[in-house]
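Below: one structure, written as structure tokens.
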Amino acid sequence: MSTLLWLRKSLRLHDNPALCAAIEGSTHLFPVFCLDPWFVQSGRVGTNRMNFLLESLHDLDASLRALNSRLIVLQGDPRDELPRVWREWKVERLAFEIDTEEYAKARDDEISRLAQSMGVQVVTRWGHTMCDLDQLLKHAGGTPTTNYNSFLSHFEMESRLQPVKPIDAPRRLPPLGAIAAAEATLPSIDQLGYARSHRSVILPGGETEALRRLEEHLKREEWVATFEKPQTSPTGMNPFGDRTRSTTALSPYLKFGCLSSRLMYDEIKKVYTRHPKHSKPPTSLHGQLLWREFYYTCAHGTPHFSQMRGNPICRQIPWGADEELLAAWREARTGYPWIDAAMTQLREEGWIHHLARHAVACFLTRGDLWQSWEEGAKVFDELLLDADPAINYGNWMWLSCSCFFYQYFRCYSPVAFPRKYDKEGEYVRHWLPCLKNMPAKYIYEPWKAPIAVQKSASCIVGVDYPKPIVQHEVVSKENMAKMAMAYEAYKNGKSSVGGLSTTMGAKGKNPLKQTILPSSKKPRQ
DNA sequence: TCCGACGTTGGAGCG
DNA sequence: CCGCTCCAACGTCGG
């Protein structure tokens, strides 16, 4: 049996069920990654994340070579490339990990049909998440819950049936066929049309690095056991070395599957057994992995999860469409140093702390600029190393009070919020050097500094640094009123957007129940 | 059907 | 510096 293992995520050897399935009964194994133009040439993936991907592929290739195999990298649409190599290499079986992203589902359905039509067997396995997401949906009665605590009970049910247990990396691999060995290798980032100079390697990609970092974190048992997410700081200058304020920053490794979420969960569990008074979800480290699982399940079971219209869990809110405001936010020139510093770090490093994401997301949407969360999500999707559709869109809905979270009167101040963490404004000074000499008193609101102070700090607001594009005290109040109206419209059972009229939310508590019950299941009554 | 408790991470003002 | 209350008042769950 000759098997092609089609790698997309799970760029690792450890805890890789699809890899194990591909090995079983194979005389030849072709590990293949396909650089799909839908991702590569579309502008969807920024330089930093593409670089992370290439490093991860490079690392995987090295690990495969150590087992007398190697990674074959194809370039082109997998709908063309895979059938070609199935023929050329006489592939009898295709194995891949289930991917629940919107694009991936459609793509994988097509590929599976092509394979069957060409007599190629198809084997799929879950592996990117801790559980089989269809099973989690089943525990929820067929429709995803938008409530974390409800989700926790579903997860507990499922993990009792299928304990979260990682599997070891294989020690031997079937050899490649001779023809396949001649195929092209990994391109460099400039060969893919990206400017090498725009790259900033803060987090190097790859399974080796992921496991090393996980191990480093696990050594700090006390820290692991007592981790409380809300206690961490968004303004830590070096989040990857700072031992007192940082998070793990393992998200990019989880996104690409350089690190298995099941392995991480299981290793943390071992620490918990030695520290009986450990923290608990939602704030604990286990809690963080469960948030990931939560959003994945929700996205898997929700149509049009990436947008507002047609998304049954998303509040319909009449966002504005002001290209200037959006551009100012995206390009870090809102005139609010905290917002601009975070957006600068995002662009430079591809990573910002979760609370910085909250702050800039709230600012763009319900807090200040009243722009659609979809636009913000697109920017994050391009720039974040860990950009992950389920989690990204989910969190944008959360922050914009479109789903999951509804207390729109709780609004982040771009001035008061960062001050709680960083009184001196070191974070701002680092990312916005033009404000380096601004006194701490004015660092988050430099337009309030007397002109003499601005002069002695060599930073004239309106010249060296922008004036604020909106007045937070004014617009945040106006926007709260707009949110109240949108919620009122929702309660009255009609959409407030584009004259669309829907009965959504008119009576039912969960509009999903009326719209997307899986055909295989009967409604619960 | 109603009501209270709760919701990972708000802000301002107070003691 | 911390913890408390109020601000005005969201949806969801469960008794």
Side-chain angles (χ1 to χ4, degrees), chain A residues 140-141 143-155 226-236 239 245-248 251 278-295 298 312-317 338-339 342 352-363 365-368 391 394-395 397-423 444-445 472-493 504-513:
Chain A
T143 57
T145 176
T146 57
N147 180 290
Y148 183 77
N149 281 327
S150 306
F151 175 81
L152 280 187
S153 65
H154 305 150
F155 176 81
T226 58
F227 182 90
E228 299 269 0
K229 186 63 169 281
Q231 307 297 321
T232 60
S233 163
T235 57
R245 295 185 290 184
S246 80
T247 51
T248 67
S251 52
H278 61 84
S279 53
K280 300 246 156 49
T283 58
S284 64
L285 279 178
H286 264 185
Q288 306 314 302
L289 288 166
L290 288 161
W291 279 108
R292 177 178 184 270
E293 204 84 352
F294 167 74
Y295 281 131
C298 196
I313 64 171
C314 184
R315 284 286 199 280
Q316 303 297 302
I317 295 165
W338 157 239
I339 301 298
I352 51 177
H353 185 276
H354 187 60
L355 288 175
R357 301 180 197 204
H358 275 216
V360 299
C362 179
F363 188 88
T365 58
R366 66 183 169 91
D368 296 80
I391 301 169
N395 273 319
M397 280 190 261
W398 181 295
L399 264 300
S400 62
C401 289
S402 300
C403 188
F404 309 112
F405 178 82
Y406 310 95
Q407 290 161 272
Y408 55 77
F409 42 87
R410 288 195 179 174
C411 181
Y412 290 92
S413 159
V415 173
F417 185 71
R419 199 171 264 157
K420 280 195 299 193
Y421 299 94
D422 185 0
K423 220 167 170 44
Y444 296 115
E445 36 190 356
H472 173 75
E473 307 76 41
V474 176
V475 293
S476 61
K477 292 282 169 292
E478 288 171 4
N479 291 345
M480 272 180 212
K482 288 188 204 166
M483 288 301 289
M485 282 173 65
Y487 273 37
E488 187 63 25
Y490 173 84
K491 260 193 273 184
N492 294 336
M504 194 192 272
K507 302 176 197 119
K509 284 187 192 125
N510 185 350
L512 272 171
K513 294 227 161 81

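Chain naming here is simple, since letters A, B, ... match the order of the sequence lines and numbering starts at 1 in each.
Heavy atoms of A:Y408 sit under 4.0 angstrom from primed sugar atoms or phosphate atoms, though from no base atom. Residue contacts shown for A:E228 are absent, as no nucleic acid heavy atom lies under 4.0 Å away. When heavy atoms are screened at a 4.0 angstrom cut-off, A:K420 is found touching the sugar-phosphate backbone but no base atom.
When each of A:S150 and A:K423 is assigned the nucleotide of DNA chain C bearing its nearest heavy atom, the one mapping closer to the 5' terminus is A:K423. Between A:R410 and A:Y487, the residue anchored closer to the 5' end of DNA chain C is A:R410, taking for each the nucleotide with the nearest heavy atom.
For the pair A:R366 CZ and C:dA9 C1', the interatomic distance rounds to 14 Å; values are reported in whole Å. Rounded to an integer number of Å, the gap from A:F409 CZ to C:dA9 P is 8 Å. Rounded to an integer number of Å, the gap from A:L152 CG to C:dC13 C1' is 14 Å. For the pair A:R315 CZ and C:dG11 C1', the computed distance is 7 Å after rounding to whole Å. Atom CE in A:M483 sits about 13 Å away from atom P in C:dA9, given to the nearest Å. Taking atom NZ of residue A:K477 and atom C1' of nucleotide C:dC7, one finds them 9 Å apart after rounding to whole Å. Spacing between atom CG of A:N149 and atom P of C:dG15 amounts to 13 Å, rounded to whole angstrom units. In this structure, the CH2 atom of A:W398 is 13 Å from the P atom of C:dT12, given to the nearest Å.
Nucleotides B:dT1 and C:dG15, compared at atom C1', are 12 Å apart to the nearest Å. The C1' atoms of B:dT9 and C:dC13 are separated by 22 Å, rounded to the nearest whole Å. Of the P atoms belonging to C:dA8 and B:dC3, the separation is 23 Å, rounded to the nearest Å.
A pairwise comparison of heavy atoms in A:H472 and A:S413 identifies NE2-CA, 3.7 Å as the closest pair.
Atom OH of A:Y295 is separated from atom CE of A:M397 by 8.5 Å, given to the nearest 0.5 angstrom. To the nearest 0.5 Å, atoms CZ (A:F417) and CD1 (A:I339) are separated by 10.0 Å. A distance of 8.5 Å separates CG of A:D422 from CH2 of A:W338, quoted to the nearest 0.5 Å. The structure places CE of A:M483 at 11.0 Å from OH of A:Y406, a figure rounded to the nearest 0.5 Å. For the atom pair CG (A:L289) and OG (A:S284), the distance works out to 8.5 Å, reported to the nearest 0.5 Å. Between A:T247 atom OG1 and A:F227 atom CZ the span is 6.0 Å, to the nearest 0.5 Å.
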- Under a cut-off of 3.5 Å for both distances of each Watson-Crick or G-U pair, what dot-bracket string does DNA chain B give, using [ ] for crossing pairs and | for inter-strand pairs? .||||||..||||||
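No side-chain heavy atom of A:F294 sits less than 4.5 Å from a side-chain heavy atom of A:L152. The shortest distance between side-chain heavy atoms of A:Y148 and A:P281 falls below 4.5 Å.
You can see that DNA chain B meets the heavy atoms of chain A within a 4.0 Å-exclusive cut from B:dG7 to B:dA12, reading 5' to 3'.
At most 12 non-hydrogen atoms from other residues, nucleotides or ligands lie less than 6.0 angstrom from NZ of A:K423.
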